[in-house]
Enquirer: 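Handing you a structure now.
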Amino acid sequence: MQRMWRVAICILVVCFGLFKPDVFGVNKDDAASDQKIVQASAAAAVTNDEAMPLLTVQASYDTGKKLEQGKSSAAASSQNDRVKANSLGSEQKILYLTFDDGPSKNTEQVLDILKLEGITATFFVLGEHVLKQPELVKRIVKEGHGIGNHTFDHKYDRLYGSFAEFADQVMKTDEAIYRTTGVRTTLVRAPGGTYSNFDQGYFDAMKAAGYQVHDWNVDSGDSKRQGVPASEIMTTIKGSKIASKLNVLLHDSAGHAESVKALPSIIKYYKDKGYTFAKLTDQVEPIQFRVASKLKWSRKQVTQQEVDKLTLFSERLGQSSLSAQTIKQVPNLILHRGEKSLVLASSEYGIKNGAIEVSLQKLVEWIEDSTELELNTDSIESYVSTNQVPPKSGKEKPVMDEHKKQIVVPVRETLQKLGIAITRYVYNDTDREIWITE
Ligand SMILES: [Zn+2]
């Protein structure tokens, strides 16, 4: 009996033109959002410094392409000029403050200062500190800053003794960050920087696995030795290079109270010079040191197996974070009828032309179920039977498979046809609930 009028409702709804053989459209587009990782390695040049290695600043993919086109035509050449003007002009000065080795208690004050100044920065955290100070890591993310991976324990001999160990620590830290904050980061900073630590194999492997490895082009000198005073940090900053894009290295680990002390002056110094502060993202072309001709370490070459392992891990983490975001963004839809509720996950409903759409089968099953208790089936059944429209001649009656979940119908319209009204509803980013007449 139940089964019979369920089919009848299906037919009714179909005949009223409500049939929409569509899958739920929720966030279909969002999910496909920018996943591209641009990592061109067109190398531009170079400054030298005793303490610091030769710098290789990677040109952006677009810039590189435009520069190439510039050779062949006048129009392209004017475009080329604009590109040059953009990258060197005073309007485009951008600065990335980066804090390594945290989080620690100093991170709290760094965050307070950044908040006060209304700017964002990037924190390259150590996995072991993430596990010890999860609240600070959450605060970093909550306050809109970038978060990056600085390996798990920062131990040079292990990290640079073999790529397998380096990759393991990257994975462990990625996971710690993701579990703590829900953020999947692809930003990495190599402890000690890449110079004479990374060989080309390390660079290639990280790139293949979708990471962006960021060195820096301004070293605040705050970790030259223990307790470098704030005044000396400022002197170093003022003596450092000025370019349209700066990545400034600082530390927020324990023992770096002087860095915290110097921070307001550092920010003021660069603000006065017209810099815009930003956080690193996966779209920012990394500043990278060039590969040293002689490494500090002797080790075997990176193997394809090691690269594959890291790549697989990285892809999987990326996928799970994407799907988690989708679930998080879209709350459940809950329908209430008296004491009975129907809870639909984000994948089980959608919005089309301003109307909430749900699976016909789920809706009908639930109404049957809630109607049963209320002994109210008669009205619906009579409604269904009197309104059944016989199929037009020559046209096949649509054959409905009860178990086809793709049959999607608008809730309000469908309920109306069944003589059920919506009495109240809440619909916002966090709550989606509908109350209907009993
Ligand atoms: Zn470090």
Side-chain angles (χ1 to χ4, degrees), residues 49 51-53 55 96-111 114 121-133 136-137 140 145-163 165-177 180 185-199 202-203 206 211-228 232-233 236-237 240 246-260 262-263 266 279-280 286-289 292 295-297:
D49 169 311
M52 264 306 98
L55 250 189
Y96 303 101
L97 282 178
T98 57
F99 296 90
D100 286 12
D101 300 357
S104 80
K105 62 179 173 48
N106 285 322
T107 311
E108 276 181 83
Q109 292 167 70
V110 169
L111 288 168
L114 296 174
T122 305
F123 293 80
F124 286 100
V125 295
L126 289 174
E128 62 181 11
H129 292 175
V130 172
L131 298 183
K132 280 182 209 151
Q133 311 259 29
L136 280 174
V137 186
I140 289 170
H145 303 290
I147 194 150
N149 185 327
H150 196 42
T151 75
F152 197 80
D153 69 9
H154 209 278
K155 297 216 164 79
Y156 295 154
D157 53 346
R158 297 172 56 145
L159 293 166
Y160 303 124
S162 87
F163 183 73
E165 172 70 22
F166 187 89
D168 270 353
Q169 290 209 19
V170 166
M171 291 188 268
K172 237 163 112 181
T173 305
D174 266 0
E175 219 169 280
I177 293 170
T180 308
T185 185
T186 50
L187 310 175
V188 171
R189 174 164 283 156
T194 60
Y195 188 74
S196 71
N197 292 322
F198 267 36
D199 50 29
Y202 268 54
F203 275 117
M206 293 302 285
Y211 292 94
Q212 301 87 45
V213 178
H214 291 266
D215 285 310
W216 55 86
N217 58 359
V218 172
D219 181 355
S220 69
D222 69 344
S223 63
K224 260 190 279 194
R225 56 179 195 282
Q226 278 210 324
V228 178
E232 191 180 324
I233 295 172
T236 307
I237 289 282
S240 297
L246 293 182
N247 183 321
V248 179
L249 171 68
L250 283 153
H251 293 82
D252 64 330
S253 42
H256 280 284
E258 289 296 305
S259 306
V260 177
L263 186 56
I266 295 172
K279 63 176 173 181
L280 294 171
I287 284 169
Q288 287 179 347
F289 301 142
L295 289 183
K296 277 186 207 152
W297 317 93

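All values reported here derive from a predicted model rather than from experimental measurement. One-based numbering along the sequence shown. Whatever order the structure lists them in is the order used to number ligands and atoms, beginning at 1.
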Enquirer: Does the side chain of N197 come within less than 4.5 Å of K296's, by heavy atoms?
Expert: yes

Enquirer: Quick one: closest heavy-atom pair of P286 and Q212, and the distance?
Expert: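 The pair with the smallest heavy-atom distance is CG-CB, 3.9 Å.
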
Enquirer: Check for me: within less than 2.8 Å of the Zn ion (ligand 1), which protein N/O/S atoms show up?
Expert: D101 OD1, H150 NE2, H154 NE2

Enquirer: Quick one: does F124's side chain get under 4.5 Å of V188's, heavy atoms only?
Expert: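 Not touching, per the 4.5 Å side-chain cut-off.
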
Enquirer: Looking at side-chain heavy atoms only, is the closest gap between T107 and V125 below 4.5 Å?
Expert: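 No, too far: nothing below the 4.5 Å cut-off.
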
Enquirer: Write down the atom of Q133, the atom of K105, and the distance for their closest heavy-atom approach.
Expert: NE2-N, 4.2 Å

Enquirer: Hey, which of N217, D215, T98 is the one that makes side-chain hydrogen bond (donor to acceptor under 3.5 Å, both in side chains) with N247?
Expert: T98

